[in-house]
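Counting convention: from 1, in listed order, for ligands and their atoms alike.
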Amino acid sequence: MEGTNNEEEAYLSLQRSGFIPDYIHIFDLNSGRKNLLDYDVLLIPGGFSAGDYIRAGAIFAARLRAYIRDLQKFNDLNRVILGICNGFQVLSELGMLPDTGNKMERSMVLAVNESNRFECRYTYFNYTSRNKIFESAFRDRIMQVPVAHLEGRVLFKNENILDEVLQNDQILFKYTNPDGTGSGYPWNPNGSVMDIAGISNENGNVIGLMPHPERVYYNFQMMPDGHVHEKGTGEYFFKAIYNYTKKLFD
Ligand SMILES: NC(=O)CC[C@H](N)C(=O)O
């Protein structure tokens, strides 16, 4: 969509992980030239869709709502729907995240960062979930990953939603300091509740995260921090999705 600006890194990351990617513009859906259901994975990339007017992701989500049946079908087929940064904002606007109880009701927001400014720098996350897609790639690892957003502060509509999210093991990625012993600003760049950097739906196939693994596919894109990074965080991330998706067809 107009204002998206991370599609190329996303495309290349998918391609390098084994996928055969394709760009789909919202106009391709409007004209019927492309159909979401012809694909096995949908990635909504980062950017400033519609200039972040109203709220980041709100206009993109309103326009995607025309294809909500296809998105639901995608979901029913267990196919991965991934939203990175602006894509995460879109999925939460659509009610596809955290979607506790599978009702597709909007129950979270990505509010303006507590610092009230755009935060663009490296952060770290740790992985504490048992989500089947990322379990082997990330279990007990602290990963470095960049963020770049103004509206990244995860807030749930009420305590019940947070409780359900916790019960269902939907928190995938949490910001942490580099040794995994705590967080707080600046390690949590936005003030997200429980240091949330990324979550999934109840079933685990719809995933949203604020950090950008597609910007660190290679280890030379990682910030030198005294640790040996054999691979970029993005390679682990996208290959995990590729391996999961491939299994759906085996
Ligand atoms: N990198 C991004 O996708 C940014 C998302 C959105 N424009 C924000 O600033 O919050």
Side-chain angles (χ1 to χ4, degrees), residues 1-14 21 23-26 41-65 71 80-98 106-125 143-156 172-175 185-200 206-218 221-223 232-234 237-238 241:
M1 157 138 176
E2 55 270 23
T4 292
N5 67 5
N6 270 211
E7 72 278 17
E8 199 166 337
E9 300 94 311
Y11 183 102
L12 292 171
S13 296
L14 290 167
Y23 293 116
I24 311 176
H25 195 279
I26 193 100
V41 168
L42 173 66
L43 190 166
I44 307 176
F48 295 77
S49 56
D52 282 355
Y53 279 97
I54 305 179
R55 280 184 308 281
I59 296 174
F60 197 167
R63 300 209 6 221
L64 262 181
R65 208 164 260 292
L71 292 170
V80 170
I81 300 178
L82 178 65
I84 302 179
C85 204
N86 199 211
F88 184 14
Q89 294 163 335
V90 170
L91 291 174
S92 71
E93 288 284 330
L94 285 170
M96 297 189 75
L97 285 173
R106 194 149 74 87
S107 54
M108 68 168 284
V109 289
L110 286 149
V112 170
N113 301 340
E114 233 165 33
S115 63
N116 206 22
R117 43 176 266 193
F118 193 87
E119 298 281 349
C120 182
R121 56 193 159 76
Y122 284 82
T123 60
Y124 292 85
F125 69 74
M143 309 297 297
Q144 189 200 96
V145 72
V147 293
H149 58 257
L150 174 64
E151 299 174 40
R153 182 181 176 205
V154 173
L155 293 175
F156 296 110
L172 301 186
F173 308 111
K174 285 187 181 186
Y175 300 109
Y185 191 80
W187 305 112
N188 174 342
N190 47 45
S192 272
V193 61
M194 295 196 71
D195 300 318
I196 293 173
I199 59 169
S200 73
V206 180
I207 298 149
L209 69 165
M210 285 317 286
H212 288 278
E214 79 283 16
R215 294 187 184 176
V216 280
Y217 194 87
Y218 293 117
Q221 295 169 307
M222 308 277 276
M223 176 185 65
T233 300
F237 183 87
F238 287 97
I241 296 174

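A salt bridge between R55 and E151 is absent, with no side-chain N of the basic residue lying under 4.0 Å from a carboxylate O of the acidic one.
Within a 6.0 Å radius of CE in M194, other residues, nucleotides and ligands contribute 12 heavy atoms or fewer. Around OH of Y53, the count of heavy atoms belonging to other residues, nucleotides or ligands within 6.0 Å does not exceed 12. For E2, the CD atom sits in a packed shell: over 12 heavy atoms of surrounding residues, nucleotides or ligands are nearer than 6.0 Å.
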Check: every ligand 1 N/O to protein N/O pair under 3.5 Å:
unit_1, atom_1, unit_2, atom_2, d
ligand 1, 1 (N), A148, O, 2.9
ligand 1, 1 (N), H212, NE2, 3.1
ligand 1, 3 (O), G47, N, 2.8
ligand 1, 3 (O), G47, O, 3.3
ligand 1, 3 (O), N86, N, 3.1
ligand 1, 7 (N), G47, O, 2.9
ligand 1, 7 (N), D52, OD1, 3.2
ligand 1, 7 (N), D52, OD2, 2.6
ligand 1, 9 (O), L150, N, 2.9
ligand 1, 10 (O), Q89, NE2, 3.0
ligand 1, 10 (O), L150, N, 3.2
ligand 1, 10 (O), E151, N, 2.9

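The side chain to side chain donor-acceptor pair (under 3.5 Å) search around R121 returns E119, not counting sequence neighbours.
For the residue pair N113 and S115, no side-chain donor N or O sits within less than 3.5 Å of a side-chain acceptor on the partner.
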